[in-house]
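One structure below.
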Amino acid sequence: MIRIALFFLALTAAQPLLAGPSGSVHVVDGDTFDVGGTRVRLHGIDAPEAEQMCGGDGVPMWACGAWVSDEVRVRYEGRVARCEERDTDRYGRVVATCVIDGEDVGRALVRDGLAFAYRRYGMDYDLDEKGAAVQERGLHGAGVQSPAAFRAAARAGAAQVNAASAPAGCVIKGNVSRDGKRIYHVPGQQYYDDTRISLSKGERWFCSEAEAEAAGWRKARR
């Protein structure tokens, strides 16, 4: 009995289980999966947004985001993944490194030019992206804009539209958070550009910090 127990202990040590979601994959988009029913954001990579268009500099505009989502779906839909949890993002998704048939999914996507190394969160796939760029694999040969740059441009455009609704000279944003907290943001703060004012939700513009605080709003910490 002792020998049998030692045998199974050795087998377990040789094949460690990854701490995180595991199960059948449903592809949401290029860097987001449902794994065994858990929403997973792949660690260290950034794929084009589903609605993102690519092109420019002589390359016709094309739906690169939809193309990547379709390519990833063909590769991984319905297959079984084992994931190692790294973190939880602000949307409540598990951030994880996932393996399918012994292959790191994030590395494979970056290596083949279907995603970018997300260096803001780690350098795991830096060399894989550089190799894909040199060989012009996937997105790198097709006039691509990085997903981060695309999101920044979209935020800037939305911010301009939103700012147009502000009364003249009143640029302080009074935001109501999901849990009902009233927080105001001034130009230059971290989340100012990302904050949208929805009058229908009770949000509003203020002309001064004193006015915002008198109305019951507190200043954002960042």
Side-chain angles (χ1 to χ4, degrees), residues 15-55 62-155 158 178 190-191 194:
Q15 296 178 323
L17 294 176
L18 297 176
S22 63
S24 180
V25 168
H26 168 64
V27 175
V28 178
D29 59 29
D31 53 30
T32 307
F33 294 174
D34 283 337
V35 179
T38 298
R39 184 62 53 92
V40 172
R41 174 65 164 82
L42 294 175
H43 166 74
I45 76 168
D46 199 14
E49 301 297 317
E51 72 278 11
Q52 184 171 339
M53 301 293 289
C54 295
W62 62 291
C64 59
W67 176 75
V68 166
S69 295
D70 289 343
E71 288 292 311
V72 175
R73 194 166 288 116
V74 167
R75 287 187 177 206
Y76 297 121
E77 184 76 25
R79 297 178 67 182
V80 175
R82 296 190 306 150
C83 302
E84 181 177 11
E85 184 172 347
R86 300 292 194 92
D87 199 357
T88 301
D89 70 11
R90 61 175 174 160
Y91 303 108
R93 300 175 298 187
V94 172
V95 179
T97 301
C98 294
V99 174
I100 294 178
D101 289 342
E103 181 177 61
D104 181 334
V105 174
R107 187 177 304 282
L109 294 177
V110 174
R111 179 195 64 212
D112 294 342
L114 296 174
F116 296 84
Y118 210 171
R119 296 176 180 86
R120 177 180 175 184
Y121 297 104
M123 300 295 288
D124 305 52
Y125 309 124
D126 175 64
L127 293 178
D128 300 281
E129 182 188 307
K130 289 175 179 174
V134 168
Q135 297 295 322
E136 295 189 342
R137 299 190 200 111
L139 295 166
H140 297 284
V144 67
Q145 181 184 36
S146 76
F150 173 81
R151 290 192 296 269
R155 285 195 299 268
R178 292 181 180 178
Q190 182 174 355
Y191 297 112
D194 291 339

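These numbers come from the heavy atoms of this one structure, side chains and all, not from hydrogens, waters or symmetry mates.
Taking the side chain as every heavy atom from C-beta outward, V105 and L109 approach each other to under 4.5 Å. Residues D31 and Y118 are not in side-chain contact: their nearest non-hydrogen atoms beyond the backbone lie 4.5 Å or more apart. V95 places none of its side-chain heavy atoms less than 4.5 Å from the side chain of L42.
At a threshold of 4.0 Å, the pair D29-R41 does not count as salt-bridged, since none of the basic side-chain nitrogens sits closer than that to a carboxylate oxygen. Salt bridge present: D101 and R79 bring a charged side-chain N and a carboxylate O closer than 4.0 Å. Note on R107 versus D128: salt bridge recorded, some NZ/NE/NH1/NH2 to OD/OE distance being below 4.0 Å.
Among residues two or more places apart in sequence or in another chain, the side-chain hydrogen bond (donor to acceptor under 3.5 Å, both in side chains) test is passed with R86 by H43, T97. By the side-chain hydrogen bond (donor to acceptor under 3.5 Å, both in side chains) test, Q135 pairs with no residue at all, sequence neighbours left out. For E77, the salt bridge (Lys or Arg N to Asp or Glu O under 4.0 Å) criterion is met by no residue, not counting sequence neighbours. Scanning for side-chain hydrogen bond (donor to acceptor under 3.5 Å, both in side chains) contacts around E129 gives R119, with sequence neighbours left out. For E136, there are no side-chain contact (heavy atoms from CB on, under 4.5 Å) partners at least two apart in sequence or on another chain. Listed by chain and residue number, nothing satisfies the side-chain hydrogen bond (donor to acceptor under 3.5 Å, both in side chains) test with E85 (two or more places apart in sequence, or in another chain). With sequence neighbours left out, the side-chain contact (heavy atoms from CB on, under 4.5 Å) criterion links T38 to P21, V40, V94. For A133, the side-chain contact (heavy atoms from CB on, under 4.5 Å) criterion is met by H140, not counting sequence neighbours. Among residues two or more places apart in sequence or in another chain, the side-chain contact (heavy atoms from CB on, under 4.5 Å) test is passed with D112 by R75. Among residues two or more places apart in sequence or in another chain, the ring pair (Phe, Tyr, Trp, His ring centres under 6.0 Å) test is passed with Y191 by none.
Across V28 and R73, no two heavy atoms sit closer than the pair O-NH2, 3.5 Å. Minimum interatomic distance between G30 and I45 (heavy atoms only, all atoms of both residues): O-CD1, 4.4 Å. Of all heavy-atom pairs between L139 and P48, the closest is CD1-CG, 3.6 Å.
Defined by atom type and a distance below 3.5 Å, a donor-acceptor pair is present between the side-chain atoms of Y125 and D104.
T32 OG1 to R39 CZ: the interatomic distance, rounded to the nearest 0.5 Å, is 7.0 Å.
Residue pairs meeting the disulfide bond (SG atoms under 2.5 Å apart) criterion with at least one member in residues 102-131: none, sequence neighbours excluded. Residue pairs meeting the disulfide bond (SG atoms under 2.5 Å apart) criterion with at least one member in residues 89-121, sequence neighbours excluded, are C83-C98.
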- Could you walk me through whether F33 and V72 pass side-chain contact (heavy atoms from CB on, under 4.5 Å), step by step? CA-CA 10 Å; F33 294 174; V72 175; 3.6 Å; yes
